[in-house]
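Below: the structure, in C-alpha cells.
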Amino acid sequence: MRDRARFFVPAAALLVSVLGWPGLSRATIQYSVSFGHPEQHLFYVTMTIPDVAGEVTLQIPAWNALYQVRDFASHIRHVEAFAGSAKVPIEKVDKQTWRIAGQGTITVHYATFWDDAGPFATQLNSEHAFINPAMIFMYVPERRSEKVTVPIPELPQGWRIESASSVLEVENGREDWKVITAPSYDALVDGPIEIGKFQEFDLPNISPRVTVVVHGDNWSKKRVEEDLSKICRYEVKLMDGAPYDHYTFILHIGKGSGGGGMEHANSTAIGIPSDEYLSGVAAHEFFHLWNVKRIRPATLEPVDFTKEQYTRALWFAEGVTSTYGSYTLVRTGIWNKERFYDDLGGQISELESRPADHWQSAEESSLDAWLEKYSLYNGPDYSVSYYAKGQVLGDLLDILIRDRTNNEKSLDDVLRGLNADFAKQGKYYRDSLDIRLEAEKVAGGSFEDFFRDYVAAAQPLPYQQVLALAGLDLRTVEHKRAVLGFSVERDPTGVWTVRSVDDGSPAAAAGLRSGDAIVGWNDGEVPRFLARWARERQPGETVKVRVRREDKERTLEFKLGEEKEVLYQVAEDSKAGEKARRIREGLLHGTTQPATVH
C-alpha cells in the first residue's frame, strides 16, 4: 500500500498524547493505539517520551516470538516527531533505528500494517486485533526497564480486550477506553493482546486463576475446559507450585487461525484448526512457564532485539519441554500409553529419516535455529530439529537417571532442581553445562559421556540400549507415506515459491511449475512446515493449492504422492525384568518407586 499523503493521526490518539490520562504519571513512557478502521489493517501508534535531554534514539525489534530476524520495521510508515506542537528533526539511522532531536516531552507518531494470522504474528482486521507488542511498539534502548502504559481508546462496537498484562478501565466513564500497564518494555512485549469479540471464561477449581480467551469456532467449551484443567493441575503439581498469579490462554481456533503456540511469562497464544489439536500444543506451551521462561539459559539474557541471539540450549528449552508435553498427556490420561509410544517412535523416525542427524548435534541445531526461515535449511540433508532430538534426549536421560538410582529419582527431579537452583534464585543456567551438573547431582554419578557424545556431538543415539532399561523395545516397519511431489523455498517476505517439481508427480500433472508462488492452501494459510504437514497426511489425499504465476492467480488440485519409508515403533517388552517394568511405569505415571524389600 503506497501513501504519499501527510501522516494521519486519529483524533482519539492525538487527544491522548496531548492531554494525558487521569491517574497516570507524566514521567512514564506511554503508547496509545488506535484502529478506527480495522479493515485497513493499520495500527496508528503514538509514543510519548518524557524527560528527553536534547536527543533520543528509538528502535523497533528485528525479531520476537520466533528465532528469526523478521525486521518489523518493514511494516512501519511515515514516522513523525513533535515537541509540543512543533515538529522536530528525525533521522533514520539504520533499518530499525531513528534518532530524534528535541527537549522535554517528545511525541512520535507512526502507522504499521499487519494482517498476519498466528501466535507468532500480529493481525488487525474486521474480526479482531491480535498484537504481539514487539511487532508494533518502538522503544528507547537505554530506557527499556522503565514502566510503560498503553491506552487503547475507542474500541470498535462490541469489542473487548484481554492481555496477561494489567488491563484497567480508565476512570473517566468511558468503558471503551482501556489502558495496559507493564513494569518495563520487556514485560510489555511478553504479553500478547487480544481485542475483539471473543468468549472468555476461567478454568473451574484451578488456583491460581487461569483464564481462557477464545476467538474463532470449531471448538467445545467442555473439551477445552477438561483438557486445559488436567494439563494445568498436573504441571503445577509436578513443579511444586505455580510461578504466576494469573495465567491466560489466548486461543485462535478455526480455519486460517495459523498453527502452533507461543509461550509468554504469564500467558500463551495458540492457533489451531480445531480443539482436537489443543492438548498437544497447550501441554508444551504451559510447561514453558518453567522451562525457558524462568529456567532460562544465560545465553538468552539480556534479550537483544537488534540481532540474532545464539544459544546451544534449545534442545533442552524446547526439546525437553516436548518431553514434558508428552509426559503430561499420558500421565493425565489425555493420551493412552500406546499413543505415547507412537509419539516417541515418531520422533525417532523423524531423526532417523534425516541424513543430517549423522553430523548435526543437538547443540548445533540449537545454534542454527536462526536458519529455519530458509526452506533449504529445513531439508533432511541440512538439519535436524532440536525439538525432536531434544525430546528423545529427554526420554533417554530420564531412563538413565531412573536406572542409576533404582527408580528413586528421575528427570522430574532435575527440572525441579533447576527451578529451585536457578529460576527461584533469579539466576540463569550455563547452557548444557548446568543441565549436566544438575542431572549428575540427582543421579549421583557422571553424565559427561552422554552430554559429550549425544548433546555436543552427533554420535548415534543409543535408543535400543537405553529403552531396554525401561522395558521397551524399538522395532522397525516399512511404511508408505505421503509426499508433496515438489520442493519449495520461502523468500524474505514469507511467500512460498516452488523450487522444483518432481517429474511424473500428480503435482506436475496438475500443472504446477517451478517459480509458482503459493498464496493459498486448502482455502487457508500455507502450512509453516509443508514437508511436515505432508507426512501427517495419507497418500492420495487431495490438496487444493492457490498459486500466482505472471501476476495471475489460479487454483490447482492434485493428489499427494507416496514413497516408502522405514518407521520406528516403540513397544513394551513382555520379557522385561522387574526393575525395567518399574522404570517403565515411572515414565508413564510420573512416579518414583524403589524395589520392594521383602
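Since the structure is predicted, the reported quantities are computational estimates derived from the model, not experimental observations.
Donor-acceptor pairing under 3.5 Å is recorded for the side chains of Thr299 and Asp431. For the residue pair Asp412/Tyr324, the side-chain donor-acceptor check at 3.5 Å is satisfied. In this model, a donor atom of one side chain and an acceptor atom of the other lie less than 3.5 Å apart for Glu235 and Thr328. In summary, the side chains of Glu194 and His252 do present a donor paired with an acceptor at a separation below 3.5 Å, with no hydrogens or angles considered. Between the side chains of Thr248 and Ser267, not a single donor N or O lies within less than 3.5 Å of an accepting N or O. Counted by atom type alone, Asp304 and Gln309 present zero donor-acceptor pairs between their side chains at under 3.5 Å. Using a 3.5 Å distance cut-off with no hydrogens or angles, the side chains of Thr122 and Asn132 do not pair a donor with an acceptor.
The number of heavy atoms from other shown groups lying within 6.0 Å of CZ (Arg331) is above 12. Within 6.0 Å of the NZ atom in Lys424, the count of heavy atoms belonging to other residues, nucleotides or ligands exceeds 12. Around NE2 of His246, the count of heavy atoms belonging to other residues, nucleotides or ligands within 6.0 Å exceeds 12. Within 6.0 Å of CD on Glu142 lie more than 12 heavy atoms contributed by other residues, nucleotides or ligands.
Contact annotation: the side chain of Ile250 never approaches that of Thr268 to less than 4.5 Å [non-hydrogen atoms, C-beta and beyond]. Looking only at side-chain heavy atoms (C-beta outward), Met47 and Phe137 stay at 4.5 Å or farther from each other. Residues Glu263 and Phe287 fail the side-chain proximity criterion, which asks for heavy atoms closer than 4.5 Å. Side-chain contact check for Tyr429 versus Phe316: some heavy-atom pair is nearer than 4.5 Å. Counting heavy atoms from C-beta on, the side chains of Val189 and Phe305 come closer than 4.5 Å. For the pair Ile195 and Leu155, the minimum side-chain heavy-atom distance is below 4.5 Å. At a threshold of 4.5 Å between non-hydrogen side-chain atoms, the residues Trp219 and Val214 count as touching. A 4.5 Å side-chain heavy-atom check between Tyr44 and Thr46 finds every atom pair outside the cut-off.
Tyr110 places a side-chain N or O within donor-acceptor distance of the main-chain N or O of Met138, the cut-off being under 3.5 Å. Panel note: side chain Asp398, backbone Leu411; a donor-acceptor pair is recorded below 3.5 Å.
Ring planes of Tyr247 and Phe249: perpendicular class, angle over 60° (limits at 30 and 60°).
Taking the six-membered ring for Trp and the full ring otherwise, the centers of Trp335 and Phe340 sit at least 6.0 Å from each other. A ring-centre distance under 6.0 Å is found for Phe113 and His41. Ring pair Trp63/Trp370: centre-to-centre distance below 6.0 Å.
To the nearest 0.5 angstrom, Leu278 atom CG is 4.5 Å from Ile272 atom CD1. The CD atom of Glu438 lies 11.5 Å from the CZ atom of Arg416; values are rounded to the nearest 0.5 Å.
The residues Arg339 and Asp343 are annotated as not salt-bridged, no charged nitrogen and carboxylate oxygen being separated by less than 4.0 angstrom. Ion pairing between Arg160 and Glu200 holds under the 4.0 Å rule for side-chain N and carboxylate O. A salt bridge links Lys222 with Glu226: at least one charged nitrogen is closer than 4.0 Å to a carboxylate oxygen. With respect to Glu301 and Arg296, a salt bridge is recorded, a charged nitrogen being found less than 4.0 Å from a carboxylate O. Taking 4.0 Å as the cut-off between side-chain N and carboxylate O, Asp421 and Lys427 do not count as a salt-bridged pair.
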Can you list the steps and then say if Asp275 with Ser220 is a side chain to side chain donor-acceptor pair (under 3.5 Å)? CA-CA 7 Å; Asp275 60 8; Ser220 156; 4.7 Å; no
Worked verdict on Asn64 versus Phe120 for side chain to side chain contact (heavy atoms under 4.5 Å, CB included): CA-CA 8 Å; Asn64 180 257; Phe120 316 107; over 6 Å; no
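For the pair Arg144 and Tyr139, the cation-pi test (distance below 6.0 Å, angle within 45°) is passed.
The residue from Ser279, Ser322, Ser326 that alone fulfils the side-chain hydrogen bond (donor to acceptor under 3.5 Å, both in side chains) condition with His284 is Ser322.
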